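Hydrogens, waters and symmetry mates are skipped; everything else that's a heavy atom, side chains included, is used. The sequence lines fix the lettering, A, B, ..., with proteins before strands; numbering per chain opens at 1. Everything numeric in this text was worked out from a predicted model, so none of it was measured.
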Amino acid sequence: SSDSSSGGKNSGSEILVGVLLPVTGNNATDGKDMLNAMEMAVEKINNDGGVLDKKLKLEVADDACDPQTATAAANKLVSKKVVAVVGGYCSGSTLPASGVFHNANIPMIVAAANSSELPEQGYDSLFLINGLVPDQAKTGADYFNDKGAKNIVLIHDNSAYAKNLADFAQKSVEENGGKVIGFEAINPEEKDFGSLMTKLKSLNPDGTYFTGYYAAGGLMLKQFKEKGVPGFFMVGDGSYSPDIISIAGAENANDLLVTATPTANFIPGAEAFVEEYKSKYDLSPGPFSALSNNGVNLLADALKRAESTEFEALKKALKDTKGFEGIGQVIEFSEQNTLSQSNFHIMKVVNGEFTLEK
Amino acid sequence: MSLLTVNQLKLQFGGLIAVNDLSFTVEKNSISSIIGPNGAGKTSVFNMITGFYRPTSGAIELDGISLVNRKPSQITTLGMARTFQNLRLFPNLTVLDNVKSGMHCRTKQTVWGALLRTKSQREEERLIEEVALECIDFVGIRKYTKRAAKNLPYGAQRYLEIARALATRPKLLLLDEPAAGLNYEEKQYLIQLIRRIRDEYNITVLMIEHDMGLIKQISEQITVIDYGCKIAEGSPEEVLNNEKVIEAYLGKEDVI
Amino acid sequence: MKPLLKLTDVNSYYGKIHALNNINIEIYEGEIVALLGSNGAGKSTTLKTISSIIRPKSGQIEWNGKNIVGVPPHKIVESGIIHIPEGRRIFSGLTIIENLELGAFTFRKDKKWIKEGIERSFDLFPRLKERSKQLAGTLSGGEQQMLAISRGLMGNPKLLMLDEPSMGLAPIIVQEIMRIIKEINEQGTTILLIEQNAKAALRLANRGYLIEIGNIVMHDSAEVLREDDKIIKAYLGA
Amino acid sequence: MKKYKKPSLFLLVICMFILPFLLNSYWLDVLTLVLFYVVLTQGLNIVVGYTGLLDLGYAAFFAVGAYTTAILMTTFHWSFWLTLPVAFLFAAIAGVIIGTPTLRLRSDYLAIVTLGFGEIVKILATNLEITGSASGIYGIPRPAIGSYIMASQKDFYFLILIVAIISIIAVYRLGHSRIGRAWVYIREDEDAAEAMGINRIKLKLLSYATGAVIGSFAGSIFAVKMSAIAPLSFSFLQSVMILLAVVLGGLGSIPGVVIGAALVIILPELLRGVEDWRYLIFGVSLVIMMIFRPQGIWPTKNNTEDVDDIETEDPNQSISISK
Amino acid sequence: MEIFFQVLIDGLVIGAFYSLIALGYTMVYGIIKLLNFAHGDLYMIGAFVGFTLLSLFTGDGGVNTGILGLGVVFIGTMIIVGFLGMGIERIAYRPLLLAPRLSILITAIGVSLSLEYSSMIGWGASYKVYPIKLPNDGIQLLGTQISFAQMGMIVLSALLMLGLRLFIDKTIYGKAMRAIALDQTACSLMGVNVHRIIALTFFIGAFLAAGAGIMSGIYYGTINFLMGFTIGLKAFTAAVLGGIGNITGAMLGGLVLGILEAFGTFYMGGSWKDVLAFGILILFLVFKPTGILGAKEMERM
Ligand SMILES: Nc1ncnc2c1ncn2[C@@H]1O[C@H](COP(=O)(O)OP(=O)(O)OP(=O)(O)O)[C@@H](O)[C@H]1O
Ligand SMILES: Nc1ncnc2c1ncn2[C@@H]1O[C@H](COP(=O)(O)OP(=O)(O)OP(=O)(O)O)[C@@H](O)[C@H]1O
Ligand SMILES: CC(C)C[C@H](N)C(=O)O
Ligand SMILES: [Mg+2]
Ligand SMILES: [Mg+2]
């Protein structure tokens, strides 16, 4: 048993930070966007003199949103002796990867993935800076309830996150006195949702909540509209991406609802970040840019406070974070290393653009 | 005493009746033949006897055991072997490996024996090789032992098929047109071979042939069928002078 | 007179097996030429080489005075050489009529020829007519051979090469086929015939070649060959 | 030639045992993966190479082994070693289940049925709770030998190396036995084999079951090595890659399929440097290799003395040669 | 009842795509017994070439292409991809015509990878959103809703199937294709230029696949370089289900598979539908080992 001791072994003038993201595959748009934001943070930190007199350096491993690829990727980061890991987009791949990091004594800051199973593992070195699925589910269910939508259909894609979100959504809908009249699973590579939409139509729902990712979400939305299925169509933050609008087509995307933490565009005070991102990458920042940027900055801050890259010290520093001000959020951790307060909102597509609905 | 009894055999393909109420017997230790026009149903009879076609009705018995509804492999194990009208060798395997296949039903090593290389397994392998070589020698293709079957001259392939059939240690050997494509000299060799099979191994031979020269020389008993029905039966002299047979099958001219 | 087909020092191989060794054959218009030889002597290989299914390593094959070595088989067929291969090789999944139509592939634009050809075939072999819509694969051996010959004739051969047409056929059919070969020849088609039934072949043929292990060892008129001791012993029987 | 065969094989095995001490961890991992493929290709070689049954769902057996071990170890806390016989049993049963409906089918229908079974196994794994649905099973414990916990890369390398050697010997011995020959007869001509007294049904099922057990063996070890398994590893693509290795190396040839396994894993790794071009180059090389060695890199010899086995009868050979 | 018809139509739409691809699959299989695993990728290439042509044609991303322009794009793409299919046959398959069948299968996988990853390099790894989208209009029929696009798709594939069927059954080229499948040497002895007929077969197969590719792009909206993979598998399944080598069978197999999937989704859920589809396929083949319309293998002893 060799590779179980790690952490703090960075020699030379660099501190190696692991990044675990889907930079290929169906979720690559969001994955690359998160990576961009992290690189921005690193550049800024290094320009300001680095951390502990050293420069930060990112070591990227692709998890392709597949649990097993993620395990291999995590092992690779462990063998590169990274000090900590930032990243984690899909819960399904973040779950097994977090176990690998935990066993190797490497702290991980999860910037996007938010299945409630993640904190439930009880790893004290795993920190989540996105709001959690149960809160998200409640936000969605409450919105339906406010609009008088009682009969709800839930659709997931069997991934850890989507299933988790659908399960909690069911709970919240029922707590609100609504009824889940359909609970469906799709397979994420699917293109044709014709007969699923026929089924939905026959159920006559007041609202449909798709909890999977945007590649399937966009196609589903389009076919939802074509079939003329009644009621609201809502998606979770896994489908929060401009791509969902372009896939479905602007006219079909109108009135689409999203449960998510708002992007930088909606955050007062984030204008500078948005501008810099745009000029640098010729793109608008994506849904998880701010969180990713925050993740790296939080790590840098913790390293400074710990005055060491050593595991225990770093873990403690992260745990002791108090009032860390990132873009659009103030980070403090609860008992389970999750955000003490989450910040889910309802976004709505109007004229082909996401707007803040509630 | 009869080794093979075929009784009221019938075979139908959709609307076509290929074999119709056919009955005949084959005596133990005889060399017998079935002749008849092309498409008369001769090969079909072979296919039913060996289990490849299921008869529409009728009975087939080998040494008193019914063969109907048995798989070809079972029938072979019971003591029947055959060759095919259009050669069916294992084309990419050596002559030796081809002939070894015949010994499969006479040996019984299992997966475990093979994995553990037990003593009895090794002995059995030696026996298989021995028998196979003996059969190869017997038909006279020793010099081809290690060649792939498909690269043998056509005639040698015919003999290989016979060797392979002999390796199953049959009581009854069925040959489907063994002389097709052989010249006069080669036919004489084949005649000797068939006689030796009967005399040295005590194997009964039943063959289908269109070569009347060969039939005259070695066949002791002939069954003639036409349109699936038996039209004549008896010794070569009787049958070959039968008017019906001449009209349906032999023709007036002597082409042989 | 110039030969219709002339093979000069032809050598053919299967991989490293030397199947034809400096073969020389001449065929004149209107003849029937028999090719005799024991098993594996190279008879079929000779036909395959002429029809370009295998390409000779060296030597010349002249057809009407033009070298045809290296010309693809379908062009050879177009030029009037038709090879009816050993083992019939009819298209088992096609009906009798479809088989015949393919035989006339080079005349595919000539609907009339095809129609007449099919009728001619049925006149030659009434048995085929009975089964015209049957899949060829379910025919008996003899029926298949009849089909193979008629299919070859559909291509209107100047030279027809037959590889053991009597193999596996009932005596009465063999007589029939020999008669038909004669008839075809009388109508002007030159014929190269491989036949194990040497008696019948030498009765039909004008001339014959004897091939042994890839070499032509004898060639002469049919009368002479019929009286030759060696031929009698190996091919005709006493 | 023959004289040097044994010593050189022995030398090769010694090398394989020394190698991990000379390689960096990356290449050790690659080599371990090669060995997994060696085991898998041995199993598939029985089915496709020996028996001639085209199997496009072989990864299913890999999955049966992996999931059986993973579930027994995580949910029921069994020892790794005890899970093995259970995995074998399940795999053999799966082999027979897959085999039975295919008995009457000819090659391509068989291919689709095996493909269908492979997909069904994958869908089951993706949807069932017990297999962890799409996220798979993670946190699979390390196997222990006495008090020693196997956890390092080298531990698993040696484990799979030993299994690879065992399966090579097993497949070799089977191949040179009455059973193995019967498989080959079935491959060459099913009807003729039946006529020779070979019960094709029994032997085909035996072939599937044996192949399945070997595949599941690899799967069980894979589960503990990776410590996480997910449906994606058992997809159609995996089945195709294993088949690729078998055919590329040389159907039915043991050294061939070993080389095939190595190529299929190592070639893409060597091409890592060229990033995007990697699979394009891999694809093109497959085509080129097949054009130049259609029988595979190290084909079986069948002990023939023939100088040349190549079929020469090309319908339009003159065209392809002259133009 | 209405729902039944609606699901049936949903299934027919999926099935129409499967059929179109299965047709090419089955033709190529029928003639040289090759399971052309690259066939699905020709569908993908069709989608991308169509995408590029559409963008070029209008310069505005294709929104205002018009029906005529669309026709030109369709035909143009299908011809380009048809020739690509022929080229693939010439380079990758012809040299292996006499090789063991599994070797060509591997070549096909190699070609498939090459097509996929050269598209990835050329058009990018992430999915592309198709420049034009179909309107949602349609008609009500027996209480179901069918869009004009869906009707067009079903009718078009039925017509193509019919045309092909006639071609194969009635023309001499079709008969030559079937004959080549049985015995190539004998065919060349009939004066058939075997290579040319095989090339023609590949052209037709690729031509049809490309058409399906563009239709899919327009109909569903996104394309990516791996899109041919799954549908290729499904088309293969459909072709076998119908009886591989049989044109009507491929069409029927595609439709049946599509309908099975639609009902599977409806009654068992989207993630289980393939279990239903494959389960029925397997059961079916157990009882009819040569597929719905597959001919009995005619082998005589
Ligand atoms: N599998 C089959 N399907 C349909 N018809 C068949 C089948 N097998 C044989 N037949 C038909 O049954 C009849 C008898 O065929 P069989 O092969 O038994 O003839 P045969 O007497 O052996 O002829 P030959 O001497 O020409 O070999 C023929 O008309 C043939 O077409
Ligand atoms: N496809 C092939 N591959 C390899 N060798 C072959 C092939 N075909 C024939 N041969 C060999 O070439 C030689 C000549 O064969 P050929 O078929 O021409 O003989 P033949 O005179 O027609 O004999 P038969 O009377 O048996 O038909 C033989 O030794 C044979 O084994
Ligand atoms: C944040 C999302 C894009 C990812 C998703 N919430 C997950 O946990 O998998
Ligand atoms: Mg017969
Ligand atoms: Mg010959």
Side-chain angles (χ1 to χ4, degrees), chain A residues 22-32 64 155-159 162-163 182-203 212 214-229 241-252, chain E residues 2-15 17-18 63 120 124-138 144-147 149-150 216-217 219-224 226-227 229-231 234 258-274:
Chain A
V23 288
T24 64
N26 269 341
N27 296 297
T29 310
D30 277 9
K32 283 181 184 152
I155 306 173
H156 66 90
D157 68 3
N158 262 320
S159 68
K163 187 116 189 308
F183 195 93
E184 297 284 327
I186 59 150
N187 103 52
E189 271 87 51
E190 195 57 60
K191 274 202 162 163
D192 194 303
F193 299 107
S195 51
L196 182 62
M197 292 306 125
T198 299
K199 182 168 184 179
L200 252 58
K201 200 172 168 186
S202 74
L203 292 172
Y214 52 88
L219 292 168
M220 190 184 291
L221 172 56
K222 176 164 179 271
Q223 293 169 44
F224 181 92
K225 288 291 167 70
E226 278 169 6
K227 262 275 151 59
V229 183
S241 168
D243 281 21
I244 196 170
I245 300 173
S246 61
I247 294 174
E251 66 290 356
N252 290 326
Chain E
E2 282 157 23
I3 290 177
F4 177 85
F5 280 117
Q6 183 69 59
V7 178
L8 198 66
I9 286 169
D10 296 335
L12 282 177
V13 174
I14 313 173
F17 279 108
Y18 291 166
V63 188
M120 183 191 89
S126 55
Y127 48 76
K128 290 262 174 299
V129 178
Y130 233 62
I132 53 174
K133 292 206 161 49
L134 289 172
N136 297 349
D137 331 334
T144 65
Q145 183 180 333
I146 318 172
S147 70
Q150 293 176 326
S216 152
Y219 183 71
Y220 291 116
T222 56
I223 59 175
N224 75 48
L226 290 175
M227 69 191 271
F229 181 78
T230 315
I231 200 157
K234 290 289 170 62
I259 290 167
L260 278 178
E261 284 188 7
F263 281 97
T265 305
F266 196 89
Y267 290 109
M268 297 171 67
S271 58
W272 286 102
K273 68 173 185 340
D274 285 347

* To do: Check each atom of A:Asp192 against the heavy atoms of chain E and say whether the ones under 4.5 Å are side chain, backbone, both or neither.
  => both
* Contact class of A:Glu226 relative to chain E, heavy atoms under 4.5 angstrom -> both
* Kindly assign one of parallel, tilted or perpendicular to the pair E:Phe17 and E:Tyr219, based on the angle between their ring planes and the thresholds 30° and 60°. => tilted
* With a 4.5 angstrom heavy-atom cut-off, which part of A:Ala185 approaches chain E: side chain, backbone, both or neither? -> both
* Checking heavy atoms, do the side chain of E:Tyr127, its backbone, both or neither come under 4.5 Å from chain A? -> side chain
* Under 4.5 Å from a heavy atom of chain E, the part of A:Leu219 involved -> side chain
* Got E:Asp274 and E:Lys234 here, is their nearest side-chain heavy-atom distance under 4.5 Å? -> yes
* Asked: Considering only heavy atoms, which portion of A:Glu189 lies under 4.5 Å from any heavy atom of chain E: side chain, backbone, both, or neither?
  -> neither
* Part of E:Thr230 within contact of chain A (heavy atom distance under 4.5 Å) -> neither
* Structure fact -> Whatever's closer than 4.5 Å to a heavy atom in chain E on A:Lys222 counts as side chain
* **Sidechain-backbone polar pair: E:Gln6 side chain, A:Thr198 backbone, donor-acceptor under 3.5 Å** => no
* Asked: Given side chains that start at C-beta, do those of A:Lys227 and E:Asp10 come closer than 4.5 Å, heavy atoms only?
  -> yes
Atom pairs and distances, donor-acceptor, side-chain atoms in residues 262-271 of chain E, under 3.5 Å, two or more places apart:
unit_1	atom_1	unit_2	atom_2	d
E:Thr265	OG1	E:Glu261	O	2.8
E:Ser271	OG	D:Asn127	OD1	2.7

* Structure fact -> To the nearest 0.5 Å, atom CD1 of A:Ile155 lies from atom CE of A:Met220 at 4.5 Å
* To do: To the nearest 0.5 angstrom, please state how far the CE atom of E:Met227 sits from the NZ atom of E:Lys128.
  => 13.0 Å
* Asked: Checking A:Asp157 against chain E: side chain, backbone, both or neither under 4.5 Å from a heavy atom?
  -> neither
* Structure fact -> Answer key: most heavy-atom pairs under 4.5 Å with chain E among A:Asn187, A:Asn252, A:Ile186 is A:Ile186
* Structure fact -> Taking every heavy atom of E:Ile3 against every heavy atom of A:Ser202, the minimum-distance pair comes out as CD1-CB, 3.2 Å
* Structure fact -> Ranked by heavy-atom pairs below 4.5 Å to chain E, first place among A:Lys191, A:Lys225, A:Glu184, A:Glu251 goes to A:Lys191
